[in-house]
Participant: 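Mind looking over this structure? Questions follow.
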Amino acid sequence: VTGAKGAGKTFTQLQMLYRETWTEYGLAAGIANVTAEAPIVPVLTSRNLGDEASRRVQSIRDAAADGGTSATSLEILDVIQEALSEDTSERQWRQIWAWTMARSLGIDSTVEDSEAALVASSARSFTAVFVIDGLEDILQNVVTDSRQQRALRVLLQDTLEWLRSIRGRPFGLVVFVRRDLVRAAFQQNGEQFLSRYRAYELAWNETEAVRLAAWVSVTSGAAHTPVRDVRELDESDLADFMVGIWGDKMGTARSREARSRGWFLAALSDFNGGIQAR
């Protein structure tokens, strides 16, 4: 799941984790018929989480532990940082990423035995959806550091392929990562890799931004025009609805001031017209 800085990657990860199972997250996202009753297991999270959120994430990891004691975020980070300081091969990185997932499940194994340990766990009909975020905290020099590029490339490509190869596909993996990190890791075919997962990109367009503003207005009681569900309003209806909130123009209706919708969207956008979720 790619997205620019501020696109809502960490927020989305927390919404997943707080639902605890893939089925519950599907229901919360408005998607019916999600049948995978797999627990959602945090492997890595952003270092910018507050104390309360960090404790809650660790409790979720502990609750998902397969009869053992799950590793803490610090223990996982220590292993990754040590591997980044060495000339770790692609094969070794795949084992390391498998180890981080195994230890998040409370499976006690060495890095070398991690893949076999996960396969053995799946043989006991154990399933899980692993979630990773906060990679930019670890891979701060990915543009110039070939070791960091290799680590990320193996996670996004080789590790996913290995998980798919396990009989019955018992494990899922959701990785939240900035687009620029992906491009740095895949210098030859970065755009091709990104296009493969384009459907999951966290990107806001103008209509979605205005719809969020409309939802806030309705929920807060600021909007006096009755509306049943802002999700059902199209672009034209949204523009008409928001006139009651911010007016048609920044000045009077006959003034030469900017139109309110365009002014607010310009204020929220970056130089490329992109809108950050925050």
Side-chain angles (χ1 to χ4, degrees), residues 1-19 25-32 45-53 56 133-137 140 143 174 176-184 190-191 194-195 197-278:
V1 180
T2 60
K5 183 178 181 180
K9 297 184 295 297
T10 299
F11 173 81
T12 306
Q13 185 203 32
L14 290 177
Q15 296 308 305
M16 284 184 174
L17 296 179
Y18 292 170
R19 267 62 183 195
Y25 177 66
L27 291 174
I31 303 173
T45 56
S46 171
R47 292 182 178 179
N48 296 322
L49 294 183
D51 292 340
E52 181 179 351
R56 188 169 178 182
D133 183 34
L135 291 169
E136 59 268 26
D137 299 331
Q140 297 185 11
V143 175
V174 179
F176 294 91
V177 59
R178 289 205 322 247
R179 291 174 59 86
D180 58 312
L181 268 67
V182 176
R183 288 194 180 98
E191 289 303 322
L194 286 168
S195 65
Y197 298 99
R198 189 80 67 193
Y200 313 111
E201 182 179 4
L202 290 176
W204 287 64
N205 58 37
E206 291 186 356
T207 301
E208 290 167 337
V210 176
R211 182 172 285 112
L212 174 60
W215 179 85
V216 171
S217 302
V218 171
T219 305
S220 66
H224 300 296
T225 305
V227 60
R228 184 174 62 183
D229 191 344
V230 296
R231 291 175 295 183
E232 298 177 357
L233 300 178
D234 60 22
E235 184 175 1
S236 176
D237 292 335
L238 281 170
D240 293 340
F241 176 80
M242 290 305 294
V243 168
I245 300 297
W246 54 32
D248 185 43
K249 294 184 177 181
M250 296 301 293
T252 63
R254 295 186 178 182
S255 69
R256 295 185 178 181
E257 298 292 335
R259 292 194 176 276
S260 300
R261 183 179 185 276
W263 188 91
F264 278 105
L265 289 173
L268 291 171
S269 303
D270 58 23
F271 293 111
N272 296 318
I275 298 176
Q276 294 188 4
R278 61 180 172 186

Participant: Looking at every heavy atom in both A223 and F241, which two are closest together, and how far apart are they?
Facilitator: CB-CZ, 3.6 Å
Participant: Would you mind reporting whether M250 and S255 have side-chain heavy atoms less than 4.5 Å apart?
Facilitator: no
Participant: Do L49 and T10 come within less than 4.5 Å of each other through their side chains, counting heavy atoms only?
Facilitator: yes
Participant: So which heavy atom on A184 is nearest to which on V143, and how close?
Facilitator: CB-CA, 4.0 Å
Participant: Using a 3.5 Å distance criterion without hydrogens, assess whether the side chain of D248 forms a donor-acceptor pair with backbone atoms of A253.
Facilitator: no
Participant: Evaluate the side-chain proximity of L202 to K9: yes if any heavy-atom separation is below 4.5 Å, no if none is.
Facilitator: yes
Participant: Would you compute the distance between atom OG of S220 and atom CD1 of I245 and round it to the nearest 0.5 angstrom?
Facilitator: 7.5 Å
Participant: Taking atom CD of E52 as the centre, report whether more than 12 heavy atoms of other residues, nucleotides or ligands fall under 6.0 Å from it.
Facilitator: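 Atom CD in E52 is not crowded, with 12 or fewer foreign heavy atoms closer than 6.0 Å.
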Participant: Quick check for you: to the nearest 0.5 Å, what is the distance between L14 atom CG and T45 atom OG1?
Facilitator: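 L14 CG to T45 OG1: 8.0 Å, rounded to 0.5 Å.
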Participant: Let me confirm one number: the OG1-CG distance from T2 to D180, rounded to the nearest 0.5 Å.
Facilitator: 10.5 Å
Participant: Could you tell me whether the side chain of F176 reaches within less than 4.5 Å of the side chain of L135, counting heavy atoms only?
Facilitator: no
Participant: Minimum heavy-atom separation for V230 to L238, with atom names?
Facilitator: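 In this case the closest contact between V230 and L238 is O-CD2, 4.4 Å.
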Participant: Please report the interatomic distance CG(D229) to CZ(R231), rounded to the nearest 0.5 Å.
Facilitator: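 These two atoms lie 4.5 Å from each other.
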Participant: Rounded to the nearest 0.5 Å, what's the gap from CH2 on W246 to CH2 on W263? Could you check?
Facilitator: 10.5 Å
Participant: Of all the heavy-atom pairs spanning M242 and A213, show the shortest one and how long it is.
Facilitator: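 Of all heavy-atom pairs spanning M242 and A213, the closest is CE-CB, 3.9 Å.
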Participant: Can a salt bridge be assigned to the pair R261 and E235 using a cut-off of 4.0 Å between side-chain N and carboxylate O?
Facilitator: yes
Participant: So do K249 and R256 actually touch side chain to side chain, heavy atoms under 4.5 Å?
Facilitator: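 The answer is no; the side chains never approach within 4.5 Å.
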Participant: Atom CZ of residue position F11 - does it have more than 12 heavy atoms of other residues, nucleotides or ligands inside 6.0 Å?
Facilitator: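 Count not over threshold, so no.
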Participant: Hey, are S46 and D133 close enough side-chain-wise for a donor-acceptor pair under 3.5 Å?
Facilitator: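 On atom types as modelled, these side chains do not qualify, holding no pair under 3.5 Å.
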Participant: Is the backbone of V216 close enough, under 3.5 Å, to the side chain of T219 for a donor and an acceptor to pair up by distance?
Facilitator: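 Here the side-chain-to-backbone pair does not exist.
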Participant: Between S260 and G247 (side chain of the first, backbone of the second, donor and acceptor by atom type, cut-off under 3.5 Å), is there such a pair?
Facilitator: yes
Participant: Between K5 and E136, does at least one N-O distance fall below 4.0 Å, as a salt bridge requires?
Facilitator: no
Participant: Do the non-hydrogen side-chain atoms of W215 and R211 ever get within less than 4.5 Å of each other?
Facilitator: no
Participant: Do other residues, nucleotides or ligands put more than 12 heavy atoms under 6.0 Å from D51 CG?
Facilitator: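 No, CG of D51 has 12 or fewer neighbouring heavy atoms, counting only those of other groups under 6.0 Å.
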Participant: What closest approach, in Å, do G251 and E257 show between heavy atoms, and which atom pair accounts for it?
Facilitator: N-CB, 3.5 Å
Participant: Tell me, do R183 and E191 make a side-chain contact under 4.5 Å, heavy atoms counted?
Facilitator: yes
Participant: Measuring from R259:CZ to L265:CG, what's the distance to the nearest 0.5 Å?
Facilitator: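 Here the rounded value is 14.0 Å.
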Participant: If every non-hydrogen atom of Y200 is compared with every non-hydrogen atom of V1, which pair is closest and at what distance?
Facilitator: O-CG1, 3.1 Å
